[in-house]
*Asks:* 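Take this structure, written in structure tokens, and hold onto it; I'll ask about it next.
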Amino acid sequence: MDTEPIALDGFLEEPSVHGDLHGSTARFRLTVSPTDERTDEMVLPCNVTDPALAHAAIHDLAPGDKLRVTGHLHLPRTPDDPMWLAVTTLTVLETAPLLTDQAPDATAVLERYGPYLCYFDADTTEVEVFTETGQQVGTAHDLEQIGTLLEAFEERQAAGGE
């Protein structure tokens with residue numbers, strides 16, 4: 001099979017892993033986004049069989065690095081076959097920024113419960129509850145009261161004809 005290699009730019013999705021027990025091959029996933037549209041984004045599995053390149057992929061790359069990979073695309077022949085890129089060259093275009101300052105502990109969390117959003121503040125036991133459109137449902141004084149609050153709200157909505 002004599003095909004032209006393709007070149008793709010993308011970001012390393014997660015740390016590279018060994019492809020075999022000896023570390024002479026490597027595997028990684030590359031997030032490729034040719035446009036700014038999220039629907040055009042693709043996560044492409046990549047395999048490296050050159051031992052020197054595999055060593056570099058495992059030990060020198062970090063998640064978030066912007067890479068240019070060149071290789072041959074292997075398309076599935078059956079529904080059970082995966083699609084992957086056999087990488088022949090790999091270039092780091094930009095390294096991922098190092099996070100030197102650790103983020104402080106979260107003081108608030110927004111969590112979804114079906115069509116509802118709950119705002120948990122670490123400084124209080126009260127939980128503010130909203131619909132996904134932003135309408136305030138009410139305040140639960142502790143976690144156990146969220147269900148009761150939602151049931152009462154839904155009964156009011158049903159009685160109001162909404």
Side-chain angles (χ1 to χ4, degrees), residues 1-137 143 146 150:
M1 179 166 93
D2 224 4
T3 60
E4 282 289 314
I6 62 170
L8 296 170
D9 291 351
F11 293 91
L12 186 63
E13 180 75 15
E14 57 200 9
S16 301
V17 296
H18 295 277
D20 60 9
L21 293 175
H22 309 291
S24 60
T25 64
R27 297 182 309 156
F28 59 90
R29 297 189 319 167
L30 191 69
T31 300
V32 179
S33 184
T35 67
D36 289 336
E37 294 292 324
R38 184 153 175 97
T39 54
D40 294 337
E41 212 169 75
M42 169 182 67
V43 177
L44 181 64
C46 298
N47 291 340
V48 179
T49 56
D50 176 72
L53 195 57
H55 183 269
I58 292 170
H59 298 289
D60 298 340
L61 300 180
D65 285 350
K66 185 174 183 181
L67 308 175
R68 174 166 292 147
V69 294
T70 304
H72 297 277
L73 189 62
H74 290 264
L75 298 174
R77 295 184 188 271
T78 66
D80 297 341
D81 287 342
M83 178 176 72
W84 53 281
L85 183 70
V87 177
T88 54
T89 64
L90 187 146
T91 306
V92 177
L93 300 176
E94 291 178 38
T95 58
L98 295 175
L99 300 176
T100 55
D101 295 331
Q102 294 295 327
D105 292 336
T107 58
V109 175
L110 193 62
E111 194 164 316
R112 179 179 287 276
Y113 288 98
Y116 301 102
L117 298 171
C118 296
Y119 178 77
F120 297 92
D121 189 346
D123 296 332
T124 180
T125 59
E126 293 184 341
V127 179
E128 296 289 328
V129 182
F130 302 89
T131 65
E132 61 189 351
T133 60
Q135 178 184 1
Q136 185 168 13
V137 172
L143 294 174
I146 295 174
L150 293 177

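Quick caveat, the model's predicted, so the values are computed rather than measured.
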*Asks:* When you compare the side chain of Leu30 with that of Val43, does any pair of heavy atoms fall below 4.5 Å?
*Replies:* no
*Asks:* For Val129 and Leu150, work out which heavy atoms get closest and say how close.
*Replies:* CG1-CD2, 3.7 Å
*Asks:* Considering residues at least two apart in sequence or located in another chain, which fulfil the salt bridge (charged side-chain N to carboxylate O under 4.0 Å, His left out) criterion with Glu94?
*Replies:* none
*Asks:* Would you indicate whether the side-chain heavy atoms of Asp121 and Glu126 approach each other to under 4.5 Å?
*Replies:* no
*Asks:* Mind listing the closest non-hydrogen atom pair of Leu44 and Leu8 along with its distance?
*Replies:* CD2-CD1, 3.6 Å
*Asks:* Give the minimum heavy-atom separation between Ala54 and Ser24, together with the two atoms involved.
*Replies:* CB-O, 3.5 Å
*Asks:* Compare every heavy atom of Gln136 with every heavy atom of Phe130, then report the nearest pair and how far apart it is.
*Replies:* CD2-CA, 3.6 Å
*Asks:* I need the full list of salt bridge (charged side-chain N to carboxylate O under 4.0 Å, His left out) pairs touching residues 22-34, with sequence neighbours left out, sorted by first then second residue.
*Replies:* Glu14-Arg29
*Asks:* Can you confirm whether Asp65 sits close enough to Phe11 that some side-chain heavy atom of one is under 4.5 Å from a side-chain heavy atom of the other?
*Replies:* no
*Asks:* Are the side chain of Ser16 and the backbone N or O of Ala57 linked by a donor-acceptor pair below 3.5 Å?
*Replies:* yes
*Asks:* If you take all heavy atoms of Leu117 and Glu132, which pair is closest and at what distance?
*Replies:* CD1-CA, 4.3 Å
*Asks:* Is the shortest heavy-atom distance from the side chain of Asn47 to the side chain of Thr25 under 4.5 Å?
*Replies:* no
*Asks:* Measure the OH-CD1 distance between Tyr116 and Ile146 for me, rounded to the nearest 0.5 Å.
*Replies:* 12.5 Å
*Asks:* Return the minimal non-hydrogen interatomic distance between Ala62 and Leu12, and the atom names on each side.
*Replies:* O-CD2, 3.3 Å
*Asks:* More than 12 heavy atoms of other residues, nucleotides or ligands under 6.0 Å from CG of Leu110: is that the case?
*Replies:* yes
*Asks:* Applying side chain to side chain contact (heavy atoms under 4.5 Å, CB included), name anything that partners Asp80, two or more places apart in sequence or on another chain.
*Replies:* Thr78
*Asks:* Test of understanding: with side chain to side chain contact (heavy atoms under 4.5 Å, CB included), list the residues that count as partners of Thr125, not counting sequence neighbours.
*Replies:* none
*Asks:* Without placing hydrogens or testing angles, list every side-chain donor-acceptor pair under 3.5 Å for residues 82-91, not counting sequence neighbours.
*Replies:*
from  : atom 1 : to    : atom 2 : distance (Å)
Thr88 : OG1    : Thr70 : O      : 3.1
Thr89 : OG1    : Thr70 : OG1    : 3.1

*Asks:* My understanding is that only residues two or more places apart in sequence, or in another chain, count here; which of them pass ring-ring contact (aromatic ring centres under 6.0 Å, His included) with His18?
*Replies:* none
